[in-house]
Every structure is written in C-alpha cells, then in structure tokens.
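Okay, so here's the structure we're looking at.
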Amino acid sequence: MALWQSVYDGYQEFMISRRDMRSAHLPLAGSPWPLAALLATYLYAVLYAGPRFMANRKPYDLRNVIRVYNIVQVLINSALFIWIIFKMFIVYRDYSFSCQVCNYSTDYRGMEEMYLSYSYFLLKVLDLADTVFFVLRKKQSHVSFLHVYHHTVMATGSFFGLLFVPGGHAIMLGIWNTLVHAVMYFYYFLSSYGSQYSEWWKKHLTRMQLLQFIHLAFHFGIPLFFNRECKFPRFWMGLGFLQAIVILALFMDFYIKTYIVKRKKQ
C-alpha cells in the first residue's frame, strides 16, 4: 500500500501539479493513458497482429490512398514550418538560439505557441500511419527498429513536450522536423509515380536528416553544458540533447550501411 501510495503521489505531482494545464482540455492531451493505449495498439498491430493478418493475403493496393496521405502531410508540415518561421523570425524577431524560455502565459503569443505544440503533437500521431501502410502492403522489411523507435519516441516526446515545455527552446525541433517531413513526404509522393530521381532524393533526404540531428544536438547541448543561466528546464534540455545523439547514431548507421558499405560491395 505504501508503494502504491508513493506511485500515486508521484503521478499526481508530475502529471497534474506540474504540467501546463492550458492544454488539459484538448483531445489526447488531458491524460497520458489515451496515447499510451494508442501506442500499445500501434506496436501490437505493426509488430505482431498485422504481419500475422497479412501472412496469407496479397498486399493491398494503397497507392491512391498513400498519395493523398503524402500530399496532406506535405501541406500540413509546410504550413506549420512557414507559420513558425514567419512568427518567430519576422513578426516577433526575438528568438534566441542560445536560450529561449517557454511562454506559459494565456496571452496571444503564449497560447499560440501552445497550440503550435499541440498541432505538432497531432502530426506525430498521424505519422504512425506510415507503418500501418507498410504492413498492409507487406513491406515488413521497412518496419525496422529505427522506423518504429523513431515514430514511437516522437509521438511520446511531443506529448510530454506539450505538457511541460510547449514552445521555447524546443521550437527549433518543430522547425527542423516540419521542414524535413515536408521534403520527405514530397519524395514519397514522387516515388509513387516511379520518379527517376527517387534515389537522388532519398540520399539527400538522409543527409538532410543527419544535418538536422547534428544541429539539434548543438542546439540543446550548448546551453545545457555552457549556459547555466538559461531558464529553460535543464531536464528537457538534456533529454533533447540525448535524443538527438541517439537518433543521429541510428541514422548514421543507416547511411553508412546504405550508401557507403553497399556501394563498396557493388
């Protein structure tokens, strides 16, 4: 009973007392349990139930569905990227690359950053559909550890970012990620028509992703280690730095195996 009480008190303290309550009324943002159930269902479906369901079936032809999905992703990611750039660097013009604190107020700018964070979180939930399409098309080899880990961590990380650090220094993650995803889904769209430039796009897209994580490692790492006066929560700064390093290592491994080792063998 004492252990249970300790767990309950910790949950109350962390998930209720300390969270940003401005987003508590929004769908999927009021409690971690709906997202936890969604991610558990996602992992079960793409790693176990989906492959078993498709074992004796022909791949589904989802080309038109996926083309529409890709265009929707391009439009939404581009719109978010342009909106953030326009507001942060043209309208407000006060974004600090060394330390940008969160605005937890209920004024227009504070609520705008919160809703941008919420929109970004919903995008990461929408990204989970990628893996479902792979399974239904019997492309199980595409359901790699890197792919599933990245999608799961991004949905989880964006959820907790919304709850505790909506905006602020973490806005740079949204800027990079929406830009990369706009380019990535445009590449997917072209590839569905058999573009002769698909391999060129794929290689340079991977380089763009590597550049993204290198910059984010510096973006979170410099204030974490060298700016002790920064008021952005250090726990989240450290988590952002660690995640950038982990994903960078995974993408670097993919790049080396795909474009260096394979080329030497050929």
Side-chain angles (χ1 to χ4, degrees), residues 39 42-48 50-51 54 59 62 66-67 69-70 73-74 77-78 81 120 123-158 161 170 172-221 238-266:
L39 290 177
Y42 162 76
L43 293 173
Y44 176 76
V46 302
L47 297 177
Y48 180 73
M54 294 300 300
L62 302 175
I66 294 174
R67 284 168 183 166
Y69 170 78
N70 289 337
Q73 284 276 18
V74 170
N77 278 281
S78 298
F81 172 76
Y120 179 73
L123 258 184
K124 298 307 101 183
V125 174
L126 179 62
D127 287 350
L128 301 178
D130 289 349
T131 326
V132 177
F133 292 148
F134 284 150
V135 173
L136 293 177
R137 294 168 61 214
K138 297 193 80 168
K139 301 282 187 180
Q140 200 63 31
S141 61
H142 291 18
V143 187
S144 63
F145 172 79
L146 171 58
H147 177 89
V148 176
Y149 172 83
H150 182 61
H151 278 340
T152 305
V153 166
M154 290 303 292
T156 305
S158 60
M172 186 55 63
L173 172 61
I175 292 174
W176 262 116
N177 201 248
T178 51
L179 172 62
V180 169
H181 276 69
V183 175
M184 181 180 75
Y185 283 105
F186 185 63
Y187 152 70
Y188 288 161
F189 178 76
L190 291 180
S191 297
S192 70
Y193 288 98
S195 171
Q196 60 178 318
Y197 299 108
S198 291
E199 281 303 312
W200 182 92
W201 273 91
K202 183 179 179 181
K203 182 176 182 178
H204 286 80
L205 174 62
T206 306
R207 288 177 173 176
M208 188 179 184
Q209 289 170 318
L210 291 173
L211 179 62
Q212 170 192 195
F213 295 120
I214 290 171
H215 178 257
L216 288 175
F218 280 102
H219 182 71
F220 289 111
L239 199 61
F241 171 75
L242 180 63
Q243 182 60 20
I245 293 297
V246 171
I247 296 293
L248 174 61
L250 292 172
F251 269 88
M252 185 64 76
D253 177 68
F254 168 79
Y255 184 85
I256 292 172
K257 289 179 179 177
T258 305
Y259 299 109
I260 297 178
V261 175
K262 184 181 290 187
R263 177 176 295 178
K264 286 183 178 180
K265 288 181 178 179
Q266 290 173 346

Could you go step by step and tell me if Val183 and Tyr187 meet the side chain to side chain contact (heavy atoms under 4.5 Å, CB included) rule? CA-CA 6 Å; Val183 175; Tyr187 152 70; 5.6 Å; no

**Prompt:** Under 4.5 Å between any side-chain heavy atoms of Arg67 and Tyr193, yes or no?
**Reply:** yes

Point to revise | Side chains of Leu179 and Met208 in contact at under 4.5 Å (non-hydrogen atoms) | key: yes

Residues passing the side chain to side chain contact (heavy atoms under 4.5 Å, CB included) test with Pro51, sequence neighbours excluded, are Val135, Gln140

Contacts of Tyr44 meeting ring pair (Phe, Tyr, Trp, His ring centres under 6.0 Å) (sequence neighbours excluded), chain-then-number -> Tyr48

- pair Leu216-Phe220: side-chain heavy atoms closer than 4.5 Å: yes

Across all chains, not counting sequence neighbours, the ring pair (Phe, Tyr, Trp, His ring centres under 6.0 Å) partners of Phe81 are none

Heavy-atom nearest pair, Asp127 first then His151, reads O-NE2, 3.5 Å

So the salt bridge (Lys or Arg N to Asp or Glu O under 4.0 Å) pairs with at least one residue in residues 140-151 (sequence neighbours excluded) are none

Subject >> Donor-acceptor pair, side chain of Asn70 and main chain of Ile66, under 3.5 angstrom >> reply: yes

Thr131 meets the side-chain hydrogen bond (donor to acceptor under 3.5 Å, both in side chains) criterion, sequence neighbours left out, with Tyr42, His147

Those residues at least two apart in sequence (or on a different chain) that pass ring pair (Phe, Tyr, Trp, His ring centres under 6.0 Å) with Tyr149 are Phe145

By side chain to side chain contact (heavy atoms under 4.5 Å, CB included), Thr206 pairs with (sequence neighbours left out) Gln209, Phe254, Tyr255, Tyr259

Across all chains, not counting sequence neighbours, the side-chain hydrogen bond (donor to acceptor under 3.5 Å, both in side chains) partners of His215 are Trp176

For Val143 and Leu47 the tightest heavy-atom approach is CG1-CD2, 4.2 Å

Below 4.5 Å, heavy atoms only, C-beta onward: do Leu123 and His181 meet side chain to side chain? no

Rounded to the nearest 0.5 angstrom, the CZ-CD distance for Phe251 and Gln212 is 8.0 Å

Those residues at least two apart in sequence (or on a different chain) that pass side chain to side chain contact (heavy atoms under 4.5 Å, CB included) with Thr156 are Leu39, Thr152, Phe160

Hits for salt bridge (charged side-chain N to carboxylate O under 4.0 Å, His left out) against Asp130, two or more places apart or cross-chain, chain-then-number order -> none

When rounded to the nearest 0.5 Å, the distance separating CE of Met252 from CD1 of Ile245 is 10.5 Å

For Tyr69, the ring pair (Phe, Tyr, Trp, His ring centres under 6.0 Å) test, sequence neighbours excluded, returns Phe133, Tyr185

The reported gap from CD1 in Ile247 to NE2 in His150 (rounded to nearest 0.5 angstrom) is 6.0 Å

Exam field: side chain Asn177 to backbone Leu173, donor-acceptor pair closer than 3.5 Å: no

For Leu136, the side chain to side chain contact (heavy atoms under 4.5 Å, CB included) test, sequence neighbours excluded, returns Met54, Tyr60, Leu62, Val132

